[in-house]
Amino acid sequence: MVVAICWFTAALLSLIPMFGWHNYNTWNSTIHANSTSSKCRYFTVNSRSYLVNFIFFGFFLPPLAVMTGLYHYIFLTTRRQLRVNIGAATESRTYYQKEHRLAASLVLVLGLFVVCWLPLFLMHTIKLYGPKIEVSPVLIYMGVLLSQANSAVNPIVYAFKIPKIKQACRKLCRRVYHDREHQQRDVTKNSSTENRSATQESEL
């Protein structure tokens with residue numbers, strides 16, 4: 001339910017430019033030129049103020065501050081419990097060690113998210129509030145590539161850092177490997193059967 005609400009909210013936020021918060025200059029120039037087509041680029045249609053003021057300042061920085069505070073609290077709590085349970089039972093200490101490792105993995109994911117997305121947002125903020133400051137288009141494209149690379153990095157981090165996801169990936173790889181072996185065996189059996197039948201027919 002929570003995942004569905006998050007996806008629904010994200011969809012609504014992404015549709016806001018369609019209801020008015022878009023690039024009016026492109027829209028007006030297209031109408032005055034009696035043209036029905038224009039180059040389909042992100043900032044040809046979307047307004048940079050929407051990306052910076054609404055997405056960056058409204059839905060990037062506040063959740064980032066909240067998550068940073070929560071992870072800091074989790075680290076302090078687990079470290080405190082580990083120090084308290086130095087002479088306690090092994091099960092209790094193992095539990096807090098697992099929680100500490102899981103929190104460290106999630107912090108790594110959060111750090112990668114910030115590293116991949118923050119440069120792009122900062123460059124667009126500079127272009128919006130400092131029009132006299134030149135930002136190279138090459139840097140913008142590199143920022144876009146870095147932000148998209150975040151989606152490719154996350155599964156790798158999950159697979160190598162979180163034990164449950166690592167076990168699930170191993171099971172999936174083993175299943176795929178065994179399925180391929182069974183398919184190869186079936187193909188070999190079918191080909192050998194066909195060869196035998198063809199040999200018998202030729203002898204007759």
Side-chain angles (χ1 to χ4, degrees), residues 1-78 102-162 165:
M1 185 64 181
V2 176
V3 176
I5 292 174
C6 291
W7 277 101
F8 181 72
T9 305
L12 288 179
L13 294 177
S14 63
L15 291 175
I16 287 178
M18 297 181 64
F19 295 99
W21 200 347
H22 52 261
N23 197 340
Y24 291 99
N25 294 329
T26 304
W27 177 257
N28 292 330
S29 62
T30 303
I31 293 176
H32 290 306
N34 294 324
S35 175
T36 57
S37 63
S38 60
K39 292 183 179 180
C40 185
R41 295 178 180 174
Y42 187 82
F43 285 109
T44 304
V45 180
N46 291 319
S47 173
R48 184 169 274 109
S49 63
Y50 161 77
L51 179 66
V52 174
N53 296 328
F54 188 68
I55 300 297
F56 183 46
F57 291 150
F59 292 94
F60 183 88
L61 292 180
L64 178 62
V66 172
M67 287 188 290
T68 303
L70 289 175
Y71 285 134
H72 182 68
Y73 173 76
I74 292 172
F75 267 112
L76 291 179
T77 303
T78 53
L102 179 61
S105 300
L106 294 177
V107 167
L108 177 60
V109 172
L110 178 63
L112 289 173
F113 175 78
V114 173
V115 169
C116 290
W117 280 97
L118 190 59
L120 182 63
F121 281 123
L122 290 178
M123 285 187 286
H124 286 305
T125 304
I126 292 171
K127 287 183 71 66
L128 179 65
Y129 290 104
K132 295 182 179 180
I133 302 175
E134 294 186 2
V135 179
S136 173
V138 177
L139 293 178
I140 297 290
Y141 287 126
M142 289 177 63
V144 172
L145 290 176
L146 187 62
S147 65
Q148 300 306 312
N150 180 243
S151 300
V153 170
N154 281 341
I156 299 173
V157 175
Y158 289 139
F160 282 97
K161 284 292 184 179
I162 300 179
I165 299 180

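When the side chain to side chain contact (heavy atoms under 4.5 Å, CB included) test is applied to Ser151, no partner is found at least two apart in sequence or on another chain. Considering only residues two or more places apart in sequence or on other chains, Leu12 meets the side chain to side chain contact (heavy atoms under 4.5 Å, CB included) condition with Phe8. Checked against side chain to side chain contact (heavy atoms under 4.5 Å, CB included), Val138 has the following partners two or more places apart in sequence or in another chain: Ser136, Met142. In terms of the side chain to side chain contact (heavy atoms under 4.5 Å, CB included) criterion, residue partners of Ile55 (sequence neighbours excluded) are, by chain and number, Tyr50, Leu51, Phe121. Partners of Thr125 according to the side-chain hydrogen bond (donor to acceptor under 3.5 Å, both in side chains) rule, which considers only residues two or more places apart in sequence or in another chain, do not exist here.
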Contacts table for residues 68-75: side-chain donor-acceptor under 3.5 angstrom, sequence neighbours left out:
residue	atom	partner	partner atom	Å
Thr68	OG1	Leu64	O	2.7

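The shortest side-chain heavy-atom distance between Leu118 and Phe56 falls under the 4.5 Å cut-off. Residues His124 and Ile140 have side chains in contact (heavy-atom distance under 4.5 Å, counting atoms from C-beta outward). Side-chain contact between Val153 and Cys116 is absent, with no heavy atoms from C-beta onward closer than 4.5 Å.
Scanning both residues, Pro63 and Gly58, for their nearest heavy atoms gives CD-O, 4.4 Å. For the pair Ser14 and Ala11, the tightest heavy-atom approach, listed with the atom from each and the gap, is OG-O, 2.7 Å. Residues Pro119 and Val115 approach most closely at CD-O, 3.1 Å, considering heavy atoms. The nearest pair of heavy atoms linking Val135 to Ile126 is CG2-CG2, 4.0 Å. Taking both residues in full, the closest heavy atoms of Met67 and Leu110 are given as CE-CD1, 3.8 Å, listed atom of the first, atom of the second, then distance.
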